[in-house]
Number of protein chains: 2
Amino acid sequence: MRILVVEDEPGIANFLRDGLTEESFAVDVAENGNKGFELASTNDYDLVLLDWMIPGLSGIEVCRQIRKSNSLVPIIFLTAKDTVSDTVFGLEAGANDYIRKPFQFEELLARIRVQLRTKEGEQNILSLGSITMNLGTHQVFSNSKEVELTQKEFALLEYLIRNKNKVCTRTRIIEHVWDIHFDADTSVIDVYINFLRKKLHDVSAKSFISTVRGVGYIARDL
Amino acid sequence: MRILVVEDEPGIANFLRDGLTEESFAVDVAENGNKGFELASTNDYDLVLLDWMIPGLSGIEVCRQIRKSNSLVPIIFLTAKDTVSDTVFGLEAGANDYIRKPFQFEELLARIRVQLRTKEGEQNILSLGSITMNLGTHQVFSNSKEVELTQKEFALLEYLIRNKNKVCTRTRIIEHVWDIHFDADTSVIDVYINFLRKKLHDVSAKSFISTVRGVGYIARDL
DNA sequence: GCACTGTTTTAAGCAAATTTTAAGAAACTT
DNA sequence: AAGTTTCTTAAAATTTGCTTAAAACAGTGC
């Protein structure tokens with residue numbers, strides 16, 4: 001899942017980047033409003049975190065512009081202001097939620113999950129056949145036996161399962177899981193598919209990730 | 001579907017070639033404006049991706065020349081510039097759309113599909129009789145049973161179905177699906193028609209691809 | 001600051017599937 | 001029946017993906 005963070009204070013920006021990366025999100029940071037809108041309009045993010053007070057276009061403006069361009073990406077405001085009118089103003093501009101600074105990272109995470117859930121019509125649990133992922137606790141179970149996955153393995157599996165029964169092309173995988181947008185001549189996907197198959201294969205019945213030659217991979221529901 | 005990419009940076013050019021090939025397009029790359037125009041004027045592309053800043057003729061010039069030669073092929077600009085006047089300039093030169101670098105591959109793909117759709121009046125799903133193709137997921141169903149096709153098989157079937165009820169000559173097939181423009185003394189089409197018939201025949205009622213002797217093949221809607 | 005641990009990426013040889021070539025059999029045309 | 005054209009099959013050539021090992025990197029504790 002790709003998240004755009006629009007935040008000028010480097011401390012907070014880094015804090016968010018690191019924390020969200022730990023949670024297996026692919027994070028881009030924009031340090032002002034113009035950059036933020038540019039990135040938002042040229043990329044396909046799954047969620048946007050938007051600081052209210054930023055140089056260039058204000059957060060509200062960025063939010064309006066994004067909505068004007070017909071994007072429904074969930075937007076969460078980070079705001080130091082706390083008067084009711086301001087938050088209402090933000091929500092009316094098209095934001096989905098807001099959180100006041102200083103905030104607890106856990107709370108932010110919870111709100112992010114809520115937005116992603118409503119977007120995808122899912123809970124915190126993803127499943128495919130006998131495999132279950134708990135996004136909240138970062139645990140993966142295969143036949144109710146826990147399997148330890150690394151960050152990248154987890155992120156790749158999440159992407160595959162969110163798109164289950166659809167072919168995921170190499171290009172899309174490298175963009176959504178690795179956040180790489182050019183020069184895709186790497187075999188890192190092959191290697192991670194291999195990791196996942198090894199870790200999940202002997203536990204669940206059959207190799208549930210099939211290869212679609214010349215295109216990518218597909219995780220099938222049976 | 002044939003796409004011409006006019007782009008000088010090898011990294012981006014390769015990225016585009018690979019990504020578009022994954023999506024079953026036949027891709028040619030020109031590394032400068034003159035080559036680009038030469039290819040565009042001597043070939044029948046379904047779409048042109050044109051970088052703005054390229055050696056030789058500028059992207060704008062190539063676009064103008066193409067339009068001057070009375071071609072209506074859809075043209076999408078790739079541009080690093082982002083002032084409104086520039087893009088308007090590009091669109092006035094006869095381009096159909098533009099996308100700013102750096103871009104998300106999926107967004108580019110969406111824009112390409114929009115151009116091809118308006119051109120062909122179709123969505124992401126193609127169908128013929130009991131056969132359905134999902135271009136987004138690269139899946140083919142025959143009587144709602146999935147059939148596994150390779151890249152070339154998929155591309156050939158797509159071409160036949162996009163031109164259903166029209167005779168597709170061998171020359172056009174070899175040009176649009178294989179991107180070969182000389183020396184058509186190959187029997188590769190015969191072989192692939194055979195593959196398709198075998199894979200789809202026993203599932204759907206009758207052989208839906210008929211041979212038109214001396215000319216080519218036709219996929220009929222019944 | 002350095003060694004240790006685990007993760008991620010790169011690279012290379014091998015295996016497997018796809019794509020192309022080729023050639024004889026079959027079908028159609030004249 | 002002769003001459004084309006297409007079909008079918010098999011094998012060669014090529015491409016793509018799998019697997020493994022090692023290198024690069026990051027984080028932790030001493």
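First the proteins, then the strands, lettered A, B, ... as listed; each starts at 1. Please read all numbers here as calculations on a predicted model, not as lab measurements.
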For residues 26-34 of chain A, tabulate all N or O donor-acceptor pairs below 3.5 Å that involve a side-chain atom, not counting sequence neighbours.
{"unit_1": "A:Asp28", "atom_1": "OD2", "unit_2": "A:Arg2", "atom_2": "NH2", "d": "3.2"}
{"unit_1": "A:Asp28", "atom_1": "OD2", "unit_2": "A:Tyr45", "atom_2": "OH", "d": "2.7"}
{"unit_1": "A:Asn32", "atom_1": "OD1", "unit_2": "A:Asn34", "atom_2": "N", "d": "3.0"}
{"unit_1": "A:Asn32", "atom_1": "OD1", "unit_2": "A:Lys35", "atom_2": "N", "d": "2.8"}
{"unit_1": "A:Asn34", "atom_1": "OD1", "unit_2": "A:Leu57", "atom_2": "N", "d": "3.1"}

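- Within the structure, a side-chain polar atom (N or O) of B:Asn194 is placed less than 4.0 Å from OP1 or OP2 of D:dT8.
- In this view, B:Arg172 satisfies the side-chain hydrogen bond (donor to acceptor under 3.5 Å, both in side chains) rule with no residue, not counting sequence neighbours.
- Regarding contacts with the backbone of C:dT20, every side-chain N or O of B:Thr186 stays at 4.0 angstrom or more from both OP1 and OP2.
- For the OP1/OP2 pair of D:dC7 and a distance below 4.0 Å, the side-chain nitrogens and oxygens of B:Lys198 include no atom meeting the criterion.
- Rounded to whole Å, the distance from CD1 on A:Ile209 to P on D:dT19 is 12 Å.
- Between A:Leu16 and A:Leu108, some side-chain heavy-atom pair lies under the 4.5 Å cut-off.
- One interatomic measurement links the two molecules: CD1 of A:Ile193 to P of D:dC18, which rounds to 8 Å at whole-angstrom precision.
- Side-chain proximity of A:Asp190 to D:dT19, C:dT20, D:dT9: nearest is D:dT19.
- Taking A:Glu158 as the reference, A:Arg162 meet the salt bridge (charged side-chain N to carboxylate O under 4.0 Å, His left out) condition, with sequence neighbours excluded.
- Formation of a donor-acceptor pair under 3.5 Å by the A:Asn163 side chain with backbone atoms of A:Tyr159 is found in this model.
- Put simply, NZ on A:Lys152 is 11 Å from P on C:dT10, counting in whole angstrom units.
- What separates CD1 of A:Ile189 from P of D:dG17 is a distance of 10 Å, to the nearest Å.
- Checking the phosphate oxygens (OP1, OP2) of C:dT20, a side-chain nitrogen or oxygen of B:Trp178 falls inside 4.0 Å.
- Annotation: side chain of B:Leu200 is not in contact with side chain of B:Ile209 (no heavy-atom distance under 4.5 Å).
- Contacts of A:Arg17 classified as salt bridge (charged side-chain N to carboxylate O under 4.0 Å, His left out), with partners at least two apart in sequence or in another chain: none.
- In terms of the side-chain hydrogen bond (donor to acceptor under 3.5 Å, both in side chains) criterion, residue partners of A:Ser24 (sequence neighbours excluded) are, by chain and number, A:Gln151.
- Rounded to whole Å, the distance from CZ on A:Phe195 to P on C:dT9 is 10 Å.
- Distance from the side chain of A:Thr211 is smallest to D:dC18 among C:dT8, D:dC18, C:dT19.
- As a whole-Å value, the separation of A:Tyr192 OH from D:dT20 P is 16 Å.
- Screening residues 5-34 of chain A for ring pair (Phe, Tyr, Trp, His ring centres under 6.0 Å) gives A:Phe15-A:Phe105 as the qualifying pairs, with residues at least two apart or on separate chains.
- Across all strands shown, A:Tyr217 has heavy atoms under 4.0 Å from sugar-phosphate atoms exclusively, and none from any base.
- Remark on the helix from C:dG1-D:dC30 to C:dT30-D:dA1: inter-end axis angle 30°, axes from five-pair C1' superpositions, rounded to 10°.
- We find that CD1 of A:Ile174 is positioned 13 Å from P of D:dG17, with the value rounded to whole Å.
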Write out a two-atom table: protein N or O, nucleotide N or O from nucleotides 22-26 of chain C, distance below 3.5 Å.
{"unit_1": "C:dA22", "atom_1": "N7", "unit_2": "B:Ser187", "atom_2": "OG", "d": "3.4"}

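- Atom CZ in A:Arg170 sits about 10 Å away from atom C1' in D:dC18, given to the nearest Å.
- B:Glu38 is linked by a salt bridge (charged side-chain N to carboxylate O under 4.0 Å, His left out) to nothing, counting only residues two or more places apart in sequence or in another chain.
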